[in-house]
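Owing to the predicted nature of the structure, the values given are computational and were not obtained by experimental measurement. Residue numbering restarts at 1 for every chain, and letters A, B, ... go by the order of the sequence lines.
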Protein chains: 2
Amino acid sequence: MPDNGRITIRDVAAATGHAVSTVSNALAGKRHVNEETRRQVKEAAERLGYRPSAVARSLRMKLSSTIGVLVPDVSNPAIPEFIRGIDDIAVREGCTILLCNTDELVERQVSQMQTLLDRQVDGMILISQHCDTPEVRKLLDGKTPFVLIQRRSSRFRDDYVGSDNLQGMRDSVTYLHGLGHRRIGLVTGPGTSSTAQERFEAFEATIADLGCDEDPDLIYRGDYTVEAGYDAMHYFATLSKRPTAVIASNDVCALGVQDAASELGLSIPQDLSLLGCDDIDLARLRRINLSTLHLPKREMGAAAAELLMRRIHSKRPPTPREIIIPTELVLRESCAAPADGGNAKRPAERRPLVSPG
Amino acid sequence: MPDNGRITIRDVAAATGHAVSTVSNALAGKRHVNEETRRQVKEAAERLGYRPSAVARSLRMKLSSTIGVLVPDVSNPAIPEFIRGIDDIAVREGCTILLCNTDELVERQVSQMQTLLDRQVDGMILISQHCDTPEVRKLLDGKTPFVLIQRRSSRFRDDYVGSDNLQGMRDSVTYLHGLGHRRIGLVTGPGTSSTAQERFEAFEATIADLGCDEDPDLIYRGDYTVEAGYDAMHYFATLSKRPTAVIASNDVCALGVQDAASELGLSIPQDLSLLGCDDIDLARLRRINLSTLHLPKREMGAAAAELLMRRIHSKRPPTPREIIIPTELVLRESCAAPADGGNAKRPAERRPLVSPG
DNA sequence: CGTTTCTCGAAAAACGTTTTCTGAGGCGTG
DNA sequence: CACGCCTCAGAAAACGTTTTTCGAGAAACG
């Protein structure tokens, strides 16, 4: 009888004439219970529509079957794909995702993490630049498992899933170099992002290796947004010696570059080669057609979740594992040999094809 | 003293020499408690780093400060913007979002909803086509508040936030008609989506009103994906009397149309006008440049969350409210007058401008 | 001065589970 | 036949809160 509204375990206990502990055991199947009794209990539970309260269970077992996911902003196209991968594993494991947007603000992140901890999440997955911030670390060194995606700590060794940024960037630069480019611009991400940093370093190293122009003017520090890419391109356009190719450390950033290029009347790839990174879903559209470094984001999310599950389920904390995912250059139509054989000076003198004059 | 690991309310009770109830009251500030005592308690709580267990609180109070959000798939570009809007309100209210992907599968949705209910979410926000399915309704008629976004029930009156599809579609068709189009194709969404259905009906009505071609061949039923748009366009291309304009009931769908058009050598808007719906963030890129019906998705998500909060906080269930958001046609470069004044027969004969030949 | 009212805190009862502790009966074994 | 060891299931103790109940002392009031 649902006196209050919710049917509890004692309702089914009463209905069967058994004790609550027996019901619990019968349903959970942990302890041995007589087959006939179990049948009765299951029948009654079914009939009454009994559903165990997850929160009562959480309180008792100190396990919530819940994982926290912290991301900068769901609206950023690359993010949902990671989340989707995490979710794939989560549902398999009977877990539900608690989603938080940090907007890359430390104080927000701290408070969100606090909340997640208060809610006894079994673990957390973080896509965040602030993993080395003391306040964040203080919350992390507790016993709640966590794994980092795409931004790792320089000082700590954690479970981590990220792309092979060295190889990726090397491939990118080498590819452009092979096409004949010698002046390559880079729109990098914020310095606090390990991935941005790694890509930046790989860029510099490869540029040096291959004998391309090592010009600090060719580095533009952005923040992974469309606007950053847009501003970057406008900045590059002001240079007396402009880049003939641009690498954006991010597809959405590349879209911004692309957009600014359109605005400036620069055709891609005729006037400017552009290489992105991430391979967001829309990059493949013919209208976008962005050559980019493919990252299996959904798989990476899944890998992170697997790592988290491993840590959640293991008695003794396993030694941290870093999973570095190789990236693959997917070539579409945004790159070509430089118009003047790599000695570009005057992309601005070229008129866009759409107005033949 | 954290004997176990977690600092509980009795730890701070012990530390101050007060009773747990006193500590609870002092911290919550519900009942009057002596100022000095409160100070002591707060100090001790602060010093010990006490954080109340949200799950214990949930169990006791039957309120979890948690809301469930069911979406078809986070990876679908329009979805995250809704979520972001929901999250804006959620953090303001101290709530956290439990995110579920249903993939539009009823059984998944049912099981996800079950889980959410088990977790005692304070309410749910649903973006789902299956709100009229009996199994779903069975879960909904309980006392957990919920609000629907963009897909409403035909049989029940619920809290709902959706776009003004009649006005939106009427504006769209009228606009194209004004440009001179008389054969307008429609890529619609699944019939189980109320929004798709409403748009479809508005389309037919307006087409009739304005005296455009009423040809069932011009209706393609898709499922809101890029692929659907792509297939639709290829289908339209096979018609002997092709549409001179296409309305996609969805931006991502429009991207598919656009993509197929590129592939078919049809220039937009010269050979084909294209109108989307949603105004996803990327529609504004010059490369995409999609004229579309703007939907304030973040605001809609926020409105839905507000509605939910209202229902959660009110003693007596308020009468259901439907919020219909007006849409605004944002004109970019994907529409133009038909090449032959509305009597198009041969868009395929026009070559794209990029190869002037 | 006795009675009521108020203020403050402590004690205890929930909330709905799981798990530990007991205990009763049956059965094999020395 | 006594002993121990199973199998089964009930009672009770957690888990960490909030809320209700209760009680003691002080203040107000006749």
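In this structure, the salt bridge (Lys or Arg N to Asp or Glu O under 4.0 Å) partners of B:Arg157, at least two apart in sequence or on a different chain, are B:Glu322. Contacts of B:Asp132 classified as salt bridge (Lys or Arg N to Asp or Glu O under 4.0 Å), with partners at least two apart in sequence or in another chain: none. B:Arg47 meets the salt bridge (Lys or Arg N to Asp or Glu O under 4.0 Å) test with B:Glu43; sequence neighbours excluded. Checked against side-chain hydrogen bond (donor to acceptor under 3.5 Å, both in side chains), A:Tyr224 has the following partners two or more places apart in sequence or in another chain: A:Ser193. Residues passing the side-chain hydrogen bond (donor to acceptor under 3.5 Å, both in side chains) test with A:Arg298 are A:Asp88, sequence neighbours excluded. Take A:Glu306 and apply the salt bridge (Lys or Arg N to Asp or Glu O under 4.0 Å) test, not counting sequence neighbours, and it matches A:Arg92.
When each of B:Val12, B:Thr16, B:Thr8 is tested with B:Leu48 by the rule side chain to side chain contact (heavy atoms under 4.5 Å, CB included), just one qualifies, namely B:Val12.
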Identify each atom pair where a protein N or O and an N or O of nucleotides 11-13 of chain C are less than 3.5 Å apart, giving names and distance.
from   : atom 1 : to      : atom 2 : distance (Å)
C:dA11 : N6     : B:Ser21 : OG     : 3.1

Using a cutoff of under 3.5 Å, can you pull out all pairs of nitrogen or oxygen atoms linking the protein to nucleotides 22-27 of chain C, with atom names and distances?
none

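Within the structure, every pair that satisfies the side-chain hydrogen bond (donor to acceptor under 3.5 Å, both in side chains) test and touches residues 98-110 of chain B, not counting sequence neighbours, is listed here: A:Arg84-B:Asp103, B:Asp103-B:Arg108, B:Glu104-B:Gln129, B:Gln109-B:Ser128. Residue pairs satisfying the salt bridge (Lys or Arg N to Asp or Glu O under 4.0 Å) criterion with at least one member in residues 116-128 of chain B, sequence neighbours excluded, are listed as follows: A:Arg51-B:Asp118. Sorted pairs that involve residues 13-29 of chain A and meet salt bridge (Lys or Arg N to Asp or Glu O under 4.0 Å), not counting sequence neighbours, are lacking altogether.
Taken over five-pair windows at either terminus, the axes of the helix from C:dC1-D:dG30 to C:dG30-D:dC1 are inclined to one another by 60° (rounded to 10 degrees).
Residue contacts for A:Arg38: at a heavy-atom cut-off of 4.0 Å it reaches no nucleic acid atom on any strand shown.
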